[in-house]
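This report concerns only the one structure given below.
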Amino acid sequence: LKAGPWSFFRVDPRRMLCISAAVGSAAGAAFWEGTKAALGNASIELGVIVGVICAYFVLSAPRRLFDSYALSQSRGAMALAASGTATLEATHSRSRALLLLISEEPAVGLALAEAKRRILLGVSPGEAVRLAVGPVASYSTRNVLTAITTLDPGRTAESGEEAEGMLANSQLSEESKLPLFMAVAFFTPLMLTLYMVFTRQVSPLSMAELVAAQLALVDLAFYFCSGERPQP
Amino acid sequence: MNSRLATLLRLRQAFRATASGEGLAAALVGAFREAEGRESDVARKLLLGQPPRDALGSAAAEGDSDLGILCALVTGSSGANARLLADRGERLSLTIERWLKRSEARRAERKILQTRGLIMSAVLGAVLAILASLGPLVGNMAFLAPGPQLQAGSYFIPCGVMAGVSSVMLGLFMSGRGFYTNLAVSIAAYALAAVAIAPLAAAAGSVAWANI
């Protein structure tokens, strides 16, 4: 839960904490209310767990979104670097090189359009890029754009280290979380069935509550474990 | 050969030809002349006079973000030094090739994961069917709580729903849209195990200790 993504999305940390606490409390209370007849006292502990996980989801949403943006943009940074270097070589002008650059990535495209607008208004390329790279989450994309404005061809030699690092990170994370999800998906129904058997619950309502509890727990585990999977 | 790798090699061939002095459009025509499928139009469009940006477009990399990077390099090349661009593009294609091969390896891993997911769904369905069949017998021993006498088959529906929910989630996690296969396998295993365990459950039901 780094503060970087929060400032990137201009989210006030205190407001974010309040929202996540409210969402977590609401989810925990809903879980407790929905399962207290079937689970008894155990529904309090499970409700707290559900609330904490929901609060974590809300708090970490900006970071997950930021990582997703950064990965997508860092993959395009290599093409941007190659294109920028070739354009700079052809035009020998930082302004013209920036004006000719195109990016398919929406946020980088927006940043480039803003930088081009400022350049056409007479702002220097360096200042225009510095003011326009706000929506760019990827470090390497920012680096490439800045390198073009400083006529530093060495820094534009982007070879995708950031993208590869992020992909490797997400793969490791996925490998760690896969067994967790498999365990939750497999053992939650077994545990709830044993609970149902040993507490001799036969009413359709309590059975439905246990099924709903299982659905909630497995669903939370699903989102927790699939949050950082690399996009196909 | 994998179609994505074939497209990548064609683009690399075009970059190599451009780096050695050939025009970008001519190099693309040479590289895509023999192409098939959706790429077959690239050479035709170029020969009809369309610029590389329009001719290549996203046809060669439709739905592929890795190849899209290379295509973006070509489509965003107006006004650039073509030889330098091609030189950089060729180097970039080596990185993209590494990514594509890794992506293929991950696709193979995903198939193994899907198989594991199916096995887990089947095992889960069978285990829950056994619990649903023998649960009333165990529950009637009243280890933890007194309560009404449990009837055989009391837990078949909730256990079946639980098996279905878990197998659907397992399928969504491991197979994406193919989750219904997990559901079908789980339900089939549940039904088979329930039928197989039925004689045992019926016999155990007549044992005196089971009705304590």
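Everything quoted here is computed from the prediction, not taken from an experiment. In the text below, chain A, chain B and the rest are named by the order of the sequence lines, each starting its count at 1.
Using a 4.5 Å cut-off on side-chain heavy atoms (C-beta onward), Met169(B) and Phe181(A) make contact. Using a 4.5 Å cut-off on side-chain heavy atoms (C-beta onward), Phe186(A) and Ser166(B) make no contact.
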- Criterion side chain to side chain contact (heavy atoms under 4.5 Å, CB included) on Leu210(A) and Met162(B), from CA distance to verdict: CA-CA 9 Å; Leu210(A) 287 173; Met162(B) 282 184 180; 4.0 Å; yes
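Here the CG atom belonging to Leu128(B) is positioned 10.0 Å from the CG atom belonging to Leu192(A), to the nearest 0.5 angstrom. Rounding to the nearest 0.5 Å gives a distance of 9.5 Å between CG of Asp219(A) and CG of Leu172(B). In this structure, Met182(A) CE and Leu113(B) CG are separated by 7.5 Å, a value rounded to the nearest 0.5 Å. Atom CE of residue Met207(A) and atom OG of residue Ser154(B) lie 6.0 Å apart, to the nearest 0.5 angstrom.
Interface residue Leu178(A): backbone and side-chain heavy atoms are both found under 4.5 Å from chain B. For chain B, the nearby part of Gln201(A) is the backbone; its heavy atoms alone come within less than 4.5 Å.
Scanning all heavy atoms of the two residues, the minimum distance from Pro158(B) to Val211(A) falls at O-CG2, 4.0 Å. For the pair Val197(A) and Gly135(B), the tightest heavy-atom approach, listed with the atom from each and the gap, is CG1-O, 3.3 Å.
Within residues 12-21 of chain B, no residue has any heavy atom under 4.5 Å from a heavy atom of chain A. Proximity to chain A at a heavy-atom threshold of 4.5 Å picks out Met120(B), Val123(B), Leu124(B), Val127(B) from residues 115-127 of chain B, in numerical order.
The residue among Leu190(A), Leu215(A), Leu194(A) with the most heavy atom pairs within less than 4.5 Å of chain B is Leu190(A).
By the neighbour-count criterion of 12 heavy atoms within 6.0 Å, atom CG of Leu120(A) is densely surrounded, having more than that number from other residues, nucleotides or ligands.
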